[in-house]
Every structure is written in structure tokens, then in C-alpha cells.
Undergrad: 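Following this message is one structure expressed as C-alpha cells.
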Protein chains: 2
Amino acid sequence: MTSNAVPDIVVGRLPIYLRVLNHLIAEGRQITSSQELGDRLGISSAQIRKDLSHFGEFGKQGTGYNVAYLRDQLTEILNVDREWRMVLIGAGDLGHALVHYHRFAEHGFQIAAVFDNDADKIGHKLGEYDVHSIDDLENLVRLHQVEMAIIAVPVAAARDVATRLINLGIKAILCYAPVTLTVPLGVQVQYIDPVAQLQHMAYYQTVEAR
Amino acid sequence: MTSNAVPDIVVGRLPIYLRVLNHLIAEGRQITSSQELGDRLGISSAQIRKDLSHFGEFGKQGTGYNVAYLRDQLTEILNVDREWRMVLIGAGDLGHALVHYHRFAEHGFQIAAVFDNDADKIGHKLGEYDVHSIDDLENLVRLHQVEMAIIAVPVAAARDVATRLINLGIKAILCYAPVTLTVPLGVQVQYIDPVAQLQHMAYYQTVEAR
DNA sequence: TAGATTGTTAATCGATTAACAATC
DNA sequence: TAGATTGTTAATCGATTAACAATC
């Protein structure tokens, strides 16, 4: 059903809500409110209630939300109540940081295999992973039933890698290369470009703030 | 002037436009059009023209845009026709990747100093940088006239670090810690949370795509 | 001149907010 | 019961798109 799809911008906020809920649980909190969630996130309580209303009714009038229950519900809605297997393409410094980034595994995102095209890296270790030749991408994606990918290669290689991933049926790509990928409908791409974010902030750094 | 400020969402697209223009220059192109830029970015030509119109008139009817000229103009508008000095707080794996990330320097974002609170790291090198004690943050930010910061510390430390940076007059923070910072008006924060982005994409990974 | 493309206006579309009845 | 907070509706606000006169 496409007709009453949840707006993508709403979906994008759910992981942030999930994050706050996990913090609240860590603090031992049982109950919260849209007001408190909004305060913690710098958004309005109305927006929180509206966003949640796309998925169901999770609260109790006069009381608020059960933190653990809402957390569990959002986890299900986001499909993150399971493990996801990913491939990492690019075993440079960024790849190095990514294989050591514990939050992936902590949230159910497992790196199944790591690839590079550099003969000096292939066959060696990156953290606890063997670095495979990019030639083995197709075999290993199928073997490990991988569904997501992280592109951490230079911009010149990114499009080719993306095309191969898409041909393999990968439907979710996290792209660290500073390019805009053209992908078929149904393929999700998220970009991380810290330079673009710094430039965005630089705009406001004037003598008289704009 | 706040009255006709440019929408932040428009400012956020300028770095992406800049990126395509740089690619076009690398390809030796002299002239482009809103149509071509839009095609490369997957957005409408109307949006490109509308966005640019907030800042002036940069094209020529019937012809399009001079690539180099538009690039130079956007560079000025974004305040990235100069060097920016940053501090990096956190000398872990992420910090390691960031000091080796050449795109920062290539775009005028210089890391002036690196900090950590781990005695095992302080005094040692991270890439070509000395790792300083976080105790020296105030002195070195002032000494090097730093204006931006990258937070690459664990979530438990992030708020404290941010507070100290803000007290130092830092007005732009790129935050890799998965928290929402509460900051005074005029302080920019941009977040990078790859887990949130994976979770966002996970939502759409269903048997029947939503 | 004819064709192309800009910059801008007005219309459309979508997202956020305010307000409040429902109800715990 | 009185107080609090949800879920939802309607109003507001803002962003995107379509269309076209201006003009290179």
C-alpha cells in the first residue's frame, strides 16, 4: 500500500526517538511523556504525538508512555528487532574505524565481510575481518545472505560498487563517498558527508550571525 | 537580518551543489544548466533555480550557468573560501579515521589539535598529531583561534565536552556521539549517526516494500 | 530570428503546530 | 473527582513544483 505511506521524514525521526527511549531505560525510568521526549530532542510534543500516531496508539491519557513498551514497539516498527547482515566495501582508514565501531553490532547490524581492491590489503586482516578481493563480492554476498552495504571507497569507485550491490539485490546502502547515487525505486541510500555538514555550518559563521 | 533569512534546508543543499560543480569542473565542463544539475542530484531543475535565487542571479537565459563562476559564488556564500580551524576531541578509532580523512584539509577544514582524556593516549601521536589532554582544551582553542569542533568521544562524555566548547565560543560542532545536544541560539550542531541511518533504511526492508 | 533556459510568480503539496475532546 | 496527557482535527506555516514572461 502506497496510498497512506508514512512520510519518510517521520520514519527518519523514529531512530532518534528510539535512542532517547534507550537512554531513559538506562536511567531506570518507567514512564515518559511526549513533553519530556520533545524537551530532550528539541522538538515539540505535538510532533512526537503526531509522528507516533502514524503507527498506532502507544500511550495512556493522563499518564504518558511506558518507556519499555514504546521502545519495543518502535524497535518492531523499524524492523530492528532482528539481525541485519552488511558488507563493508573499502578497507581504508574509514573502513578501519567502521569495523571497530561497536554500535553497529550493539544494534543488530553485523558486518559479514569486508572488501577492497588493493592487493596490499587483500588477504590481510582489518580488525578481526579478512579483507576479501572485491572480485569475491558477488559470491560472499550470496553466501552470507547479506541485505545491506556500507560503501567506504573513494568517490571514483563508488558508482561501480553501488551498481554491483544493486545487481545483487541489496536494497539499503550507507554511502560515505561524496557522490549522489542514482538507484532504482525501492533501493534506499543514506549518505554521510562530514565535509558537506561542515560547509553547511560555515554558512552561519559570520561576524554578524545571519 | 532575520526577516528574510534563507531557509536552512536550502543552505544544506548548497554543499551538494558545490560538490557537483566541482565534479563538472574536473570533467572539463564550462557550462551547465539547472536541468543537468537536477538530473545529477535527483532533484527538480525548478528547485535548483529557486534555491539559487535566494542568493542572487548566477545564470544566463538561454545558456545556463558558468560552472566555475557558480562554483566560486557558492564557495563565497558558504564562507568556505577560507581556512577553518577545528579541534578534534576523541582519539579513538573514529578520531584515527578523521585525522586521516584528507577531504577535510582539501576543503579548507584544518584540524588544529587533537584531545583525549585517556592517559594511555595523551602524549602519543595520532597520525601526525600529538594527542593532548582534554585539560588543555581551553588553552589550545584560544592559542590556535579555533572556531569549529568535532566531537568523537563516547556518548557519556559528549555533553560535557560540548559545554566546554560552547563556553569557549565555538559556534559550530560536528557531533559523532549519538546524543542530542542542547545548545544556545547561534551555535550550530550537525550530527552523524550511522546507526540511526541504518535503522531508517531498515524500516523499508520488508517482504512487501512499503 | 528561433531555440533554450533563466528567474520568478502563483499554485500545489506537505509538514508542523495549536487546540481540545476524550479519557486515564 | 481533579489533574494530566494522549490522539486527532483543523489551522498554519513552509517547501516544492509548474508555468511562463523575460531574455540571452
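Being a predicted model, the structure only gives us computed values, none of them experimental. In what follows, chains are A, B, ... by sequence order, proteins preceding strands, each numbered from 1.
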Undergrad: Would you tell me whether B:Arg49 and B:Ser45 have side-chain atoms, one donor and one acceptor, within less than 3.5 Å of each other?
TA: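 Result is yes, a qualifying pair exists.
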
Undergrad: Among the nucleotides D:dA15, C:dT8, C:dC20, which one has an atom lying closest to any side-chain atom of B:Ile9?
TA: D:dA15

Undergrad: Would you say C:dT6 has OP1 or OP2 under 4.0 Å from some side-chain N or O of B:Ser34?
TA: yes

Undergrad: When you look at CZ of B:Arg29, are more than 12 heavy atoms from neighbouring residues, nucleotides or ligands closer to it than 6.0 Å?
TA: yes

Undergrad: Quick one: do B:Arg19 and B:Glu106 make a salt bridge, cutoff under 4.0 Å?
TA: no

Undergrad: In this structure, how many angstroms lie between the C1' atom of C:dT16 and the CZ atom of A:Arg49, rounded?
TA: 12 Å

Undergrad: When you get a sec, tell me which of D:dT6, C:dT6, C:dT16 is the closest nucleotide to the side chain of B:Ser33?
TA: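 The answer is C:dT6, which lies nearest to the side chain.
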
Undergrad: Are B:Asp193 and B:Tyr176 linked by a side-chain donor-acceptor pair shorter than 3.5 Å?
TA: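 Per modelled atom types, B:Asp193 and B:Tyr176 side chains form no pair under 3.5 Å.
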
Undergrad: Which nucleotide, C:dT16, D:dT16, D:dT8, lies nearest any side-chain atom of A:Ser53?
TA: D:dT8

Undergrad: Can you check the A:Lys50 NZ to D:dT12 P distance for me, whole Å?
TA: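 Answer to the nearest Å: 16 Å.
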
Undergrad: Set out, in order, the CA-CA distance, both residues' side-chain angles and the distance that settles side-chain hydrogen bond (donor to acceptor under 3.5 Å, both in side chains) for A:Asp8 and B:Tyr204, then state yes or no.
TA: CA-CA 10 Å; A:Asp8 183 65; B:Tyr204 297 98; 2.4 Å; yes

Undergrad: Could you tell me whether the side chain of B:Phe58 reaches within less than 4.5 Å of the side chain of B:Ile77, counting heavy atoms only?
TA: yes

Undergrad: Please report, rounded to the nearest Å, how far the P atom of D:dT6 is from the CD atom of A:Glu57.
TA: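 A:Glu57 atom CD is separated from D:dT6 atom P by 12 Å.
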
Undergrad: What is the nucleic acid contact for A:Ser45, judged by heavy atoms within less than 4.0 Å: base, sugar-phosphate only, or nothing?
TA: nothing

Undergrad: Are side-chain heavy atoms of A:Val6 and A:Val10 found at a separation under 4.5 Å?
TA: yes

Undergrad: Do A:Asp51 and A:Tyr17 pair up side chain to side chain, a donor and an acceptor below 3.5 Å, judged on atom types alone?
TA: yes

Undergrad: In whole Å, what is the span from the CD1 atom of B:Ile43 to the C1' atom of D:dA15?
TA: 13 Å

Undergrad: Whole angstrom is fine here: how far is it from CD in B:Gln35 over to C1' in D:dT17?
TA: 13 Å

Undergrad: Taking C-beta and beyond as the side chain, do A:Gln197 and B:Tyr191 meet within less than 4.5 Å on heavy atoms?
TA: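 The answer is no; the side chains never approach within 4.5 Å.
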
Undergrad: Counting heavy atoms from C-beta on, name the nucleotide in D:dA15, D:dT16, D:dT8 closest to the side chain of B:Pro7.
TA: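 Of the options given, the side chain of B:Pro7 lies nearest D:dA15.
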
Undergrad: Which dot-bracket string describes DNA chain D (Watson-Crick N1-N3 plus N6-O4 or O6-N4, or G-U N1-O2 and O6-N3, all under 3.5 Å; [ ] crossing; | other strand)?
TA: ..||||||||||||||||||||||

Undergrad: Figure out the CD1/C1' separation between B:Ile48 and D:dT17, and round it to whole Å.
TA: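 Taking atom C1' of D:dT17 as the reference, CD1 of B:Ile48 is at 13 Å.
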
Undergrad: Can you tell if the side chain of B:Ser34 reaches within under 4.5 Å of the side chain of B:Gln47, non-hydrogen atoms only?
TA: no

Undergrad: Near DNA chain C, counting only heavy atoms under 4.0 Å, which residues of residues 60-74 of chain B show up?
TA: B:Lys60, B:Gln61, B:Gly62, B:Thr63, B:Gly64, B:Tyr65

Undergrad: Return the value, rounded to whole Å, for the distance between atom CD1 of B:Ile31 and atom P of C:dT5.
TA: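 That distance rounds to 11 Å.
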
Undergrad: C:dT17, D:dT16, C:dT16: which one has an atom nearest the side-chain heavy atoms of A:Ala46?
TA: C:dT17

Undergrad: Roughly, in whole Å, what's the span from CG in A:Leu37 to P in D:dT5?
TA: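 Distance, rounded to whole Å: 12 Å.
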
